[in-house]
Amino acid sequence: MKPILPQGTRDFKPEVLRRRHFIINTIRNLFELYGFEPLETPALENVETLLGKYGDEGDKLIFKILNNGLDHPSKQESARSEFEKVIAGKTVSTITERALRYDLTIPFARFVAMNYHELPMPFKRYQIQPVWRADRPQKGRYREFYQCDADVAGTYSLQADAELALLYRDVFRKLNLPVSVKLNNRKILMALAELTTGAESFRPVTTIIDKLDKIGIEKVKNELINAGLTDEHIQFVEKYLTIQGNIREKINSLKDLFKNSETGLQGLNELETIFNLAGDDPVFDLDTTLARGLDYYTGTIYEVKALNVKMGSIGGGGRYDDLTGLFGVKGVPGTGISFGIDRIYDVMEELNLFTENISESTQLIFFNLGKEESQHAFSLMQECREKGISSELYYDSVKLEKQFKFADKKKIPYAVIIGSREISDGMVKIKELKSGEEQTVKRNDFFSLLEKKYNFKDHS
RNA sequence: GUGGCUGUAGCUCAGUUGGUUAGAGCAUCAGAUUGUGGUUCUGAGGGUCGAGGGUUCGAGCCCCUUUAGCCACCCCA
């Protein structure tokens with residue numbers, strides 16, 4: 001049979017994985033620095049846990065798992081009739097009762113609801129795991145991809161929101177990736193709906209204005225007309241969308257625009273508090289067009305866009321005042337962000353931001369020049385390993401061309417050569433493979449040379 | 001779910017208006033050469049042209065179906 005991957009999934013080769021680990025480690029270290037604790041949840045959740053949490057579109061994209069044992073004779077009859085309901089678009093627990101995780105937030109909410117009384121509150125957790133969506137793959141979109149989430153449960157404090165904004169800033173600063181971290185507040189969007197066609201039109205109006213950067217102001221206005229907004233309303237929306245200036249100026253203009261809306265002013269005060277805490281930084285921006293799709297956001301919303309590259313958002317998140325209500329625990333607010341490391345990887349690859357040494361693993365390769373020679377090499381290699389220097393000895397005594405090529409493929413920076421001549425002289429030869437430069441030293445001086453010239457540290 | 005583009009050697013790709021035995025570079029393997037050393041030279045293996053059907057004397061090339069990948073829409077990380 002042909003070896004083949006399911007659509008939208010990927011194998012990660014060593015050099016790719018090293019780069020992914022570099023991104024993940026950067027994020028994880030900062031999560032820890034900010035006081036978040038690790039959590040993992042199962043790949044599988046019960047279907048009911050996930051359904052209805054992501055809107056109608058989201059429900060369609062959840063991978064559902066067929067129950068086992070449907071072929072059992074005693075079940076065949078009911079399975080057949082229940083399957084009719086599946087065809088009709090319903091989800092039936094006798095056919096499917098488990099599904100693959102769609103994001104990390106709902107499983108987190110489920111976890112908090114289940115463990116509320118044992119957890120330190122507020123609970124700050126981070127989670128780095130794959131999620132699955134039955135979307136059609138395209139650029140920057142996979143059916144299996146990783147999310148790195150940091151969420152805070154159990155506080156209304158805007159300090160948490162400010163921390164998350166700073167976390168975004170720090171991660172992308174550390175990755176050397178130019179981005180814009182955009183913030184907005186759902187309350188402002190709610191006020192906008194209230195001041196035009198009423199609160200119930202919140203969703204259609206926000207989805208339309210969210211498209212502004214994609215389709216332009218004229219098409220947005222057309223769609224708003226179709227949605228039933230009057231000329232007066234549209235004038236107001238246009239004013240809102242075209243507010244210019246730095247963050248402070250934008251907030252002031254918006255305060256003026258929403259002076260009659262308590263909700264709007266509240267959202268603006270929240271944003272002001274967050275920006276004051278987070279401090280001035282050109283990465284931050286107040287983006288009035290930012291809406292975000294997920295239904296549960298109620299306050300701050302975030303989105304991260306990579307600069308100078310054509311790619312959807314590489315991070316997003318927001319505040320949700322009722323995180324666990326759906327699971328029966330009331331009054332637990334949450335706020336959180338997510339990093340899409342697959343897209344971050346793609347962007348960094350496109351911008352050539354990975355440094356060469358990321359893919360280095362083994363630092364020293366000992367060439368195998370024969371039975372007796374390799375015995376000397378083996379014992380010196382073990383000394384290297386004891387000193388914490390990652391090293392290996394080529395297993396077979398094959399021609400050097402092969403051993404060089406092996407070293408090249410594994411991106412090993414240095415080769416150690418111990419041939420018969422070196423043995424009889426009590427010497428060791430070390431060669432920097434990139435430059436071809438080589439140096440022969442007494443075996444006793446080997447480690448001091450490594451330390452001095454090649455900057456190897458003794459980690460033992 | 002809807003639409004567009006693409007599938008030729010392990011990889012990147014040529015392949016003329018349909019015409020004999022489908023090519024190149026890289027990679028792989030073998031040999032020669034090198035002061036035991038990434039070079040160079042010589043040679044070899046490797047293909048159901050994504051799959052199935054059709055048109056034709058004849059299809060890698062034209063038509064239909066199907067599948068996979070990419071891209072766009074929807075939505076999103």
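Fair warning: this is a prediction, and the values are worked out from it, not measured in the lab. Reminder, nothing fancy here: chain letters follow the sequence lines and each chain counts from 1.
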What is the base-pairing partner of [N], counting Watson-Crick and G-U wobble geometry with both distances under 3.5 Å?
| N | value |
| --- | --- |
| B:U16 | none |
| B:U39 | none |
| B:G47 | none |
| B:U2 | B:A72 |

For the [atom1] atoms, the ones on [N] and on [M], what distance do you get once it is rounded to whole angstrom?
| N | M | atom1 | answer |
| --- | --- | --- | --- |
| B:A14 | B:C26 | C1' | 14 Å |
| B:U48 | B:A30 | C1' | 28 Å |
| B:G1 | B:C57 | P | 41 Å |
| B:A24 | B:G15 | C1' | 11 Å |
| B:A32 | B:U39 | C1' | 14 Å |

Please work out if A:Gly317 contacts a base, only the sugar-phosphate, or nothing of the nucleic acid, heavy-atom cut-off 4.0 Å.
-> nothing
With sugar-phosphate meaning primed atoms plus P, OP1 and OP2, does A:Gly140 contact a base, only sugar-phosphate, or nothing at under 4.0 Å between heavy atoms?
-> base
Given that A:Pro6 and A:Ser313 both sit by RNA chain B, which one's nearest nucleotide is further toward the 5' end?
-> A:Pro6
Nearest nucleotide by nearest heavy atom, which residue falls closer to the 5' end of RNA chain B, A:Ser338 or A:Thr9?
-> A:Thr9
Could you check whether A:Phe339 and the base of B:A77 form a stacked pair, meaning centres closer than 5.5 Å and planes differing by less than 30°?
-> no
Check against salt bridge (Lys or Arg N to Asp or Glu O under 4.0 Å), A:Asp396 and A:Lys402 = CA-CA 10 Å; A:Asp396 302 298; A:Lys402 265 199 151 177; over 6 Å; no
So, do A:Phe446 and A:Glu383 sit near enough that their side-chain heavy atoms are less than 4.5 Å apart?
-> no
Which nucleotide in the set B:C70, B:C76, B:C74 lies at the smallest distance from any side-chain heavy atom of A:Pro137?
-> B:C70
Reading nucleotides 35-40 of chain B 5' to 3', which nucleotides get B (base under 4.0 Å from a protein heavy atom), which S (sugar-phosphate only), which -?
-> -BBBS-
Any donor-acceptor pair under 3.5 Å joining the side chain of A:Arg136 to the base of B:C75?
-> no
Can you find an N or O donor on one side and an acceptor on the other, under 3.5 Å apart, linking the side chain of A:Arg133 with the base of B:C76?
-> no
Verify the neighbour count for atom NZ of A:Lys442: are there more than 12 heavy atoms of other residues, nucleotides or ligands below 6.0 Å?
-> no
Does a salt bridge link A:Asp281 with A:Arg173, judged by any charged N lying under 4.0 Å from a carboxylate O?
-> yes
